[in-house]
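A short write-up of the structure that comes next.
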2 protein chains.
Amino acid sequence: MGVLDSASGAYSGSLGSPIAILVDDDTEVRDSLEELLTSVGIESISFSSTQEVLDAELPDRPACLVLDVRMPGLSGLDLQHLLLTKGIQTPIVFLTGHGDIAMSVQAMKAGAVDFLTKPVRDQTFLDAISAAVAADIARRAAATVSRKTMALYQTLTPREREVLGFVVSGAMNKQIAFDLGISEITVKLHRSNMMKKMNARSLTHLLSTWQSMPADMR
Amino acid sequence: MGVLDSASGAYSGSLGSPIAILVDDDTEVRDSLEELLTSVGIESISFSSTQEVLDAELPDRPACLVLDVRMPGLSGLDLQHLLLTKGIQTPIVFLTGHGDIAMSVQAMKAGAVDFLTKPVRDQTFLDAISAAVAADIARRAAATVSRKTMALYQTLTPREREVLGFVVSGAMNKQIAFDLGISEITVKLHRSNMMKKMNARSLTHLLSTWQSMPADMR
DNA sequence: GCCCAACCTATACTTCGGTATAGGTCTGCA
DNA sequence: TGCAGACCTATACCGAAGTATAGGTTGGGC
């Protein structure tokens, strides 16, 4: 249901239909899951090891990862942490026959969408995929907004960024001028240029835009 | 009942020292955990069933719940959902000898801080309690800010709330006046009164205050 | 040397937001 | 009946913000 009940048209606003990325060393499992996903119109690609995922270029479209835990080489949990380190936030659904509670809790704490055990009911699996894809669509939408804001921020001169900082913290032009040791009219100039570059129609609009930016980029 | 250890100054900023609320039908487990917590200076209180927790008045101070899953009557997971329904957001650590992966995943999805299995290492348990208490301190601090903002909001007249809505959405006085079908000077009056009642020194300050309010109260 | 971008300043003007003062109507309630 | 609170309006004024125009100084690159 939801994001999964249509093959292509329903995703027109999210730049591409969703894809499930299956990682399992068991060929039969992969084939079986691919078939299940295909039957409900979800595209999928398969890898037989975590290393292949790291070597591959992840597609720029809504996606989710389906990871086995126990695999030759790096485990699914290892991959989860590696991806986090690399800033890749594609939602992950674990699916394993050799799990325990500690593993599942660790995975969930690290942000996994679900942790399923084999054998899994078809509907349970599809529901998890559906939730993961929905999360990725929302995450990608937010990331797009954030990226656009950062691109605008990059066009600001150092002085304009300084003024922006004062403005969003609520300072008046007079106070900004005093703190920077320049005249108020100059602050107005920087402020005006900054507002134009940031495409902000009002202070309120500037603030909402500003908050979509990751704090460590400011 | 746990030993009352009130002097601990480390929690001075959070309105009360933390308390762990243990719910387990096994007396030995409860006594053992209470002793462990006491040894590191954390107060605790015990219940032998979920119903007792629901009947009791939860203390107004930083706390965390430690729940067994399998108990006579309502299970720990049932209690978790009941508390969520009642809007009680005290962090929960599960501790059980009869868990499985599905249970742990369900608990984590519902917001549990951790899901531990018996027998548990002392340090593992204490780390979980520490994380849960820290989460509750942060949650309570945010709730306090939110409550104060809502109290201020309650003092606004209907018209002032309307104007507030326009102001935070970035409208100019002229636009607000047009939309409400009143004169601009009247908008200024409502706006001025609203800013005073909300203790907002500037538009920026008003917006940050505003965002601490739950959206369903606006 | 020239250009350009970033930075700074100034005058003059407009618009916007906010305050003070002084009124008015309407509704509900003691 | 009178009072209080919410709501509305007006005049006049102030300060903050924004725009337009017209300059100036630096520092780096061709």
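Below, chains carry the letters A, B, ... as their sequence lines are ordered, and counting in each starts from 1.
- Side-chain atoms of Leu79(B) and Met71(B), non-hydrogen and from C-beta on, never get closer than 4.5 Å to each other.
- Taking a cutoff of 4.0 Å between a charged side-chain nitrogen and a carboxylate oxygen, Arg61(A) and Glu43(A) qualify as a salt bridge.
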Taking only N/O atoms, report every protein-nucleotides 21-28 of chain D pair under 3.5 Å with atom names and distance.
none

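- For Glu184(A), there are no side chain to side chain donor-acceptor pair (under 3.5 Å) partners two or more places apart in sequence or in a different chain.
- Checking dT11(C), dC8(D), dG17(C) against the side-chain heavy atoms of Asn173(B) singles out dG17(C) as nearest.
- Of the residues in residues 191-211 of chain A, those placing a heavy atom less than 4.0 Å from an atom of DNA chain D are Arg191(A), Ser192(A), in numerical order.
- Remark: the backbone N or O of Leu126(A) is not paired with any side-chain donor or acceptor of Ser130(A) at under 3.5 angstrom.
- Near DNA chain D, meaning a heavy atom under 4.0 Å away, the residues from residues 152-168 of chain B are Thr157(B), Pro158(B), Arg159(B).
- For Ser183(A) and dT9(C), the shortest distance from a side-chain N or O to OP1 or OP2 is below 4.0 Å.
- Listed for the Asp136(A) side chain is no donor-acceptor partner under 3.5 Å among the backbone atoms of Val133(A).
- A donor-acceptor pair is defined here as one N or O able to donate and one able to accept, closer than 3.5 Å; such a pair exists between the side chain of Ser146(B) and the backbone of Ser212(B).
- For the pair Lys174(A) and dA16(D), the criterion of a side-chain N or O lying under 4.0 Å from OP1 or OP2 is met.
- Using a 4.0 Å heavy-atom criterion, one finds that Ile182(A) contacts the sugar-phosphate atoms exclusively.
- With contacts defined as side-chain heavy-atom distances shorter than 4.5 Å, the pair Phe94(A)/Asp68(A) does not qualify.
- Using a 4.5 Å heavy-atom threshold, the side chains of Thr157(A) and Asn193(A) count as separate.
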Where protein sits on nucleotides 24-30 of chain C, one letter per nucleotide: B base, S sugar-phosphate only, - none, heavy atoms under 4.0 Å: -------

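- A sub-4.0 Å separation between OP1 or OP2 of dA6(C) and a side-chain N or O of His190(A) is absent.
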Result block: side-chain N/O donor-acceptor pairs under 3.5 angstrom for residues 80-93 of chain B, not counting sequence neighbours:
from: Gln80(B); atom 1: NE2; to: Ala107(B); atom 2: O; distance (Å): 3.2
from: His81(B); atom 1: ND1; to: Leu77(B); atom 2: O; distance (Å): 3.3
from: Thr85(B); atom 1: OG1; to: His81(B); atom 2: O; distance (Å): 2.8

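- Between Arg30(B) and Asp25(B) no salt bridge is recorded (no basic side-chain N to carboxylate O distance below 4.0 Å).
- Heavy-atom distances to DNA chain D give each of Lys188(B) and Glu184(B) a nearest nucleotide, and the one nearer the 5′ end belongs to Glu184(B).
- In terms of heavy-atom proximity, Met103(B) sits nearest to Val69(B) at SD-CG1, 3.5 Å.
- When atom types are taken as modelled, the side chain of Lys197(B) and the backbone of Thr155(B) share a donor-acceptor pair closer than 3.5 angstrom.
- Remark: side-chain polar atoms of Thr186(A) are not paired, donor with acceptor, to backbone N or O of Ile182(A) under 3.5 angstrom.
- Of the listed nucleotides (dT11(C), dA17(D), dT11(D)), dT11(D) has the atom at the smallest distance from the side chain of Ile185(B).
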